[in-house]
Amino acid sequence: MSRTWKTTILAAPAVAGALLAAGLTGMAQAAGGSPDPVGHELWASATIEPGRAGIVHVGGYEGAPLGAGSVLTLTAPAGARVTGMPFAAAGFRGTVAVGGASASYAFEGTAAATAWHGRTFPFVLTVAPDAEPGARLPDCTLALRDAKGTVHQRGGCAVTVGLPAPTLSRPPSGVALGSAPETSGTAYPGAQVTVVDALEQEVCSATAAPDGTWSCVPGVALPAGPGLLQATATLNGVSATSEQIAITVAG
């Protein structure tokens with residue numbers, strides 16, 4: 001049975017603090033049974049923005065118990081590197097290869113029956129700053145081996161390059177606005193930006209310029225009174241959303 005865990009994107013300077021709060025407890029306990037065939041896949045997925053780090057949670061092993069010396073290895077996809085191994089359960093040791101091309105968790109404990117079952121193992125991946133949003137980074141592989149080096153499960157992880165969230169800097173909050181205020185901010189160059197109101201109705205749209213700036217003016221007058229605006233950027237099949245801003249349109 002394959003299972004998928006997704007990641008939360010983390011700004012690189014905040015990774016250390018976020019890892020302490022990340023839920024690293026096991027999922028539902030799986031009973032040990034006959035060994036899984038080599039083809040039975042481990043699996044994980046993540047969406048991580050260019051130049052940022054995210055946690056890929058790997059899990060799903062339900063095969064025969066593996067004792068001390070068994071190792072779970074993740075080979076980083078092209079365009080990313082492993083930069084952290086935050087799992088700290090007793091009996092496990094994490095090691096990152098020089099340069100971050102791969103990383104492994106080794107089991108050194110004695111409770112073999114529950115070593116790999118019912119747990120997820122986090123690997124921190126950092127994506128290259130020049131990665132293209134929407135791209136799926138190739139060659140991310142997983143392998144779980146016993147102490148003799150025999151593979152009990154293989155698998156892969158789908159790492160998609162995310163889109164940085166746009167900003168919505170105008171119109172300003174706290175001041176009375178006209179019925180068609182200019183709306184502007186920043187977004188990834190080339191992204192399509194759509195501004196919506198509190199009812200998720202489109203207010204206006206624009207394409208971010210090469211310098212990342214965008215602006216648009218509502219084609220229909222906004223209703224008088226308080227309201228909310230929010231911008232969503234879309235590029236190559238991935239999207240990201242700004243924070244909402246509160247506005248007041250003069251009656």
Taking the side chain as everything from C-beta on, heavy atoms only, tell me whether [X] gets closer than 4.5 Å to [Y].
X	Y	value
L177	L222	no
W214	V195	yes
T194	C216	no
S242	T167	no
V58	C157	no
V159	S45	no
F92	E108	no
V196	T232	no

For [X] and [Y], which heavy atoms make the closest approach, and how far apart are they?
X	Y	answer
A103	F123	O-CE2, 3.6 Å
G100	A76	O-CB, 3.8 Å
S184	S215	CB-CB, 3.7 Å
L66	A115	O-CB, 3.8 Å
S239	L163	CA-CD2, 4.1 Å
P189	L235	O-CD2, 4.2 Å

Mind checking side-chain hydrogen bond (donor to acceptor under 3.5 Å, both in side chains) for W116 and listing every partner two or more places apart, or none if nothing turns up?
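Checked W116 against side-chain hydrogen bond (donor to acceptor under 3.5 Å, both in side chains); matches are S70.
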Evaluate the side chain to side chain contact (heavy atoms under 4.5 Å, CB included) criterion for residues L125 and V82: first the C-alpha distance (whole Å), next the side-chain angles of each, then the deciding distance (0.1 Å), finally the verdict.
CA-CA 5 Å; L125 294 178; V82 184; 3.6 Å; yes
What's the spacing between [X] [atom1] and [Y] [atom2] if we round to 0.5 Å?
X	Y	atom1	atom2	value
Y105	T73	OH	OG1	11.5 Å
Q230	E200	CD	CD	8.0 Å
N236	T160	CG	OG1	11.5 Å
R170	L229	CZ	CG	12.5 Å
D211	T213	CG	OG1	3.5 Å
L74	L144	CG	CG	12.5 Å

Please determine whether residues L199 and L168 belong to a single hydrophobic cluster, defined as Ile, Leu, Val, Met, Phe, Trp and Tyr linked transitively by side-chain heavy-atom distances below 4.5 Å.
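They do not share one cluster, since no chain of ILVMFWY contacts under 4.5 Å joins L199 to L168.
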Quick check, are the ring centers of Y61 and H117 under 6.0 angstrom apart?
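Aromatic pair counts; centres sit under 6.0 Å.
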Please say which of V96, T75, V71 ends up in a side-chain contact (heavy atoms from CB on, under 4.5 Å) with S104.
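Checked V96, T75, V71 against S104; only one passes side-chain contact (heavy atoms from CB on, under 4.5 Å): V71.
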Not counting sequence neighbours, list each pair that qualifies as a salt bridge (Lys or Arg N to Asp or Glu O under 4.0 Å) and has a residue in residues 78-92.
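Output for this query is empty, none listed.
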Does the side chain to side chain contact (heavy atoms under 4.5 Å, CB included) test come out yes or no for Q153 and R145, once each step is laid out?
CA-CA 7 Å; Q153 273 193 8; R145 296 176 170 85; over 6 Å; no
Could you go through the side chain to side chain contact (heavy atoms under 4.5 Å, CB included) check for L42 and L72 one step at a time?
CA-CA 10 Å; L42 297 166; L72 171 65; 3.7 Å; yes
Does any N or O in the side chain of S173 come within less than 3.5 Å of the main-chain N or O of A246, such that one atom is a donor and the other an acceptor?
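Answer holds: yes.
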Let's go through V161 and L137 carefully: what are the C-alpha distance in whole Å and the side-chain angles of both, what is the deciding distance for side chain to side chain contact (heavy atoms under 4.5 Å, CB included) to 0.1 Å, and is it a yes or a no?
CA-CA 7 Å; V161 182; L137 302 183; 3.8 Å; yes
